[in-house]
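Step one of this worksheet: look at the structure below.
Below, chain A is the first sequence line, B the second, and so on; all start at residue 1. Atom set for the values below is all heavy atoms of this structure, side chains included, hydrogens, waters and symmetry mates excluded.
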Amino acid sequence: MSFNFAVLLRLFFQYWFIFHQCPDGRIFCSSMKRTKIAELLRTEPTNTEVLVKGWVKAFRNNQFIALNDGSCAANIQVVVDAERVDAALTDRIKFGAAIGVRGKLIESQGKGQKVEVVAEELTIFGDCNPEEYPLQPKRQTLEYLREVAHLRFRTNTFGAVFRVRHALAFAIHKFFNDRGFYYMHTPVITASDAEGAGEMFHVTTLPLENIPRTEDGEVDFSKDFFERPANLTVSGQLEAELGALALSDVYTFGPTFRAENSNTTRHLAEFWMIEPEIAFADLHDDMDLAEDMLQYVINYVLEHCADDLQLLENRLLEEEKSKPQHERSPMPLVERLRFVVENKFERLTYTEAIEILKNSKPNKKGKFQFPIEGWGADLQSEHERYLVEKHFQKPVILTNYPAAIKAFYMRLDDPGENVPGPTVSAMDILFPGIGEIVGGSQREERYDVLLQKMREMNIPEEELYWYLDTRKFGSCPHAGFGLGFERLVQFVTGMGNIRDVIAFPRYPGNAEF
RNA sequence: GCCUCAUUAGCUCAGUUGGUUAGAGCGGCGGACUGUUAAUCCGUAGGUCCAAGGUUCAAGUCCUUGAUGAGGCGCCA
């Protein structure tokens, strides 16, 4: 009895699937499993029946559809037999339309592709009116596409950028996981205003049109949601340190917010940052980790995103054709990435860098906007660019900066010979075109030294009692760094503007989508 | 926040010293086309020259202010 019921039920569902009608009224074989185009292009053409779904990239000669589903950069060619398909249907095969095709996967009869799908059944899921559609089958500028960021995923360039972005994110998790790191989620909302990494966005539920005040006219934060001032995080580092001092090796990978009025090609108000923190480690362990990680993830993308990188390399070459020779990249994209993976980064101290810059041609000829006068000043981006792009022509790690220009938590160095002033165990990794991609340091683990430093730099010690506690109880040498994820994506994709490597960029005056 | 440059058709751009009716390519639309590859061929429509003031007989073009965008600098990742 129960057996018969099961058979009936199965028959019913089989029937229902086979004759289930699509929105346009055509009967569609929806019980068949859809195959992604990336997989189809790897398949040997065995005359098997397949179901493919995607968006129309081109419809040539009333016969050939270039179809893309985002699974890879390449399109698959669908061949339509006009005699077998209703003209009312082929009229709706427009650039951008979402369609499904059931047919046989065969060896391509034409040149230019290995396989193609001969359409036996065709369904329009979503029409796309070319008179209104903001995208066109032609080159459009990145600035224009930024205005239609909700649709730009559909272009070849942005498809490649976001596939590479995913691969990089995945590779980062894999790298750390394989090395025994724990992924730690640090708070996005923070009550401490003491991290000193720039202007913060306030988080409040107080009514802006009628802010409660104390008797002295100050904002009465006791009436606010957290009963104290709160902000969006500018860094998860301090909290990551707390985790590292028990779990040994941790990393964060989350959104970060800076309310700086920065208008450049490498700053965002909302960006993603990776911050590893390692216990029982010094600055050299920190540098080794950062260099290994960068080389690992770039290599991962070279291995897994070859087609997308080639597409991005061609895009860059095309873009640079209109630029004067000296503004063009010295190497094509893929070659540049291989170079970074295969060569050790150049490591030198701030003091050594100052000597090189002081004796450099542009400094002697007065070409620097900010001439190098001596030890102690922060390096400007023109100086960093000279070191990376002219002098060494490879990624550079600068270490042991003057204590006065770096954050309070960085470990104070022992006085060195031929070093004019106190330095800290800090390191910055500089990349061509991008500038600073990593900033890190060995952390000050000595309670007394840290406390004195906080007092000198006016860091409120009461607010950071929890940070100081780690130095009071079982403190140990430890280190870490912050990697700007979008800057990494910029470097790997060759995109010039950081606003083009994040789906919906936030920057001064812009929070669209 | 500071400096420089830009804004002309759906998109990318040209437009001379201020001078009659502002042009091109691509895209769109209509047509042709069963082995195309940014398909091709024929035809066709499409403009508040960013906005507001000003100079001038006359402004897309010159001046002022503003808006938006881009690049550089600062802050940083």
Reading RNA chain B 5' to 3', how would its secondary structure be written in dot-bracket notation, given Watson-Crick and G-U pairs with both distances under 3.5 Å, brackets [ ] for crossing pairs and | for partners on other strands? (((((((..((((.....[...)))).(((((.......))))).....(((((..]....))))))))))))....
Below the 4.0 Å mark, does B:G69 have OP1 or OP2 next to a side-chain nitrogen or oxygen of A:Arg499? no
Respond yes when some side-chain nitrogen or oxygen of A:Arg60 is under 4.0 Å from OP1 or OP2 of B:U36, and no when none is. no
For residues 288-299 of chain A, please give each side-chain donor-acceptor pair under 3.5 Å, one per line with the distance, not counting sequence neighbours.
residue: A:Asp288; atom: OD1; partner: A:Arg347; partner atom: NH1; Å: 3.1
residue: A:Asp288; atom: OD1; partner: A:Arg347; partner atom: NH2; Å: 2.8
residue: A:Glu291; atom: OE1; partner: A:Arg347; partner atom: NH2; Å: 3.0
residue: A:Glu291; atom: OE2; partner: A:Phe345; partner atom: N; Å: 3.0
residue: A:Asp292; atom: OD2; partner: A:Arg179; partner atom: NH2; Å: 3.1
residue: A:Gln295; atom: NE2; partner: A:Val340; partner atom: O; Å: 3.0
residue: A:Gln295; atom: NE2; partner: A:Val341; partner atom: O; Å: 3.4
residue: A:Gln295; atom: NE2; partner: A:Asn343; partner atom: O; Å: 3.1
residue: A:Asn299; atom: ND2; partner: A:Glu303; partner atom: OE2; Å: 3.3

A:Tyr251 versus A:Glu275, side-chain donor and acceptor atoms under 3.5 Å: no
Say whether A:Tyr409 and A:Gln237, considering side chains only, have a donor N or O and an acceptor N or O under 3.5 Å apart. yes
Excluding sequence neighbours, so at least two apart, what forms ring-ring contact (aromatic ring centres under 6.0 Å, His included) with A:Tyr182? none
Side-chain donor-acceptor distances from residues 400-408 of chain A under 3.5 Å, at least two apart:
residue: A:Asn400; atom: ND2; partner: A:Asp413; partner atom: OD2; Å: 2.9
residue: A:Tyr401; atom: OH; partner: A:Asp428; partner atom: OD2; Å: 3.4
residue: A:Lys406; atom: NZ; partner: A:Asp428; partner atom: OD2; Å: 3.2

Distance-only donor-acceptor pairs under 3.5 Å for side chains of residues 134-142 of chain A, two or more places apart:
residue: A:Gln140; atom: OE1; partner: A:Gln136; partner atom: N; Å: 3.3
residue: A:Gln140; atom: NE2; partner: A:Pro134; partner atom: O; Å: 3.4
residue: A:Thr141; atom: OG1; partner: A:Tyr144; partner atom: N; Å: 3.2

Could you encode protein contacts along nucleotides 23-34 of chain B as a string, one character per nucleotide from 5' to 3', using B for base contact, S for sugar-phosphate-only contact and - for no contact, with a heavy-atom cut-off of under 4.0 Å? --BBSSS---BB
So if I take [range] and measure heavy-atom distances to RNA chain B, which residues fall below 4.0 Å?
| range | answer |
| --- | --- |
| residues 361-396 of chain A | A:Gln380, A:Ser381 |
| residues 484-493 of chain A | A:Gly484, A:Arg487 |
| residues 163-171 of chain A | none |

Interatomic distance, [X] [atom1] vs [N] [atom2] [rounded to whole Å]:
| X | N | atom1 | atom2 | answer |
| --- | --- | --- | --- | --- |
| A:Glu143 | B:A6 | CD | P | 16 Å |
| A:Leu430 | B:C76 | CG | C1' | 12 Å |
| A:Leu142 | B:U12 | CG | C1' | 13 Å |

Looking across every strand, which nucleic acid part, if any, lies under 4.0 Å from A:Phe271 by heavy atom: base, sugar-phosphate, or nothing? base
Donor-acceptor pair (no angle test) under 3.5 Å: A:Gln140 side chain, B:U12 base: no
Do A:Arg487's NZ or CZ and the ring of A:Phe431 fall within the cation-pi criteria of under 6.0 Å and 45°? no
Contacts under 3.5 Å, N or O only, protein and nucleotides 1-4 of chain B:
residue: B:G1; atom: OP1; partner: A:Asn261; partner atom: ND2; Å: 2.9
residue: B:G1; atom: O5'; partner: A:Asn261; partner atom: ND2; Å: 3.4
residue: B:G1; atom: N7; partner: A:Asn261; partner atom: O; Å: 3.3
residue: B:G1; atom: N7; partner: A:Asn263; partner atom: ND2; Å: 3.4

Most 5' of A:Asn510 and A:Asp428 on RNA chain B, judged by nearest nucleotide: A:Asn510
Quick one: salt bridge (charged side-chain N to carboxylate O under 4.0 Å, His left out) partners of A:Glu486, sequence neighbours excluded? A:Arg165
Report all interatomic pairs (protein N or O, nucleotide N or O of nucleotides 46-50 of chain B) with separations under 3.5 Å.
none

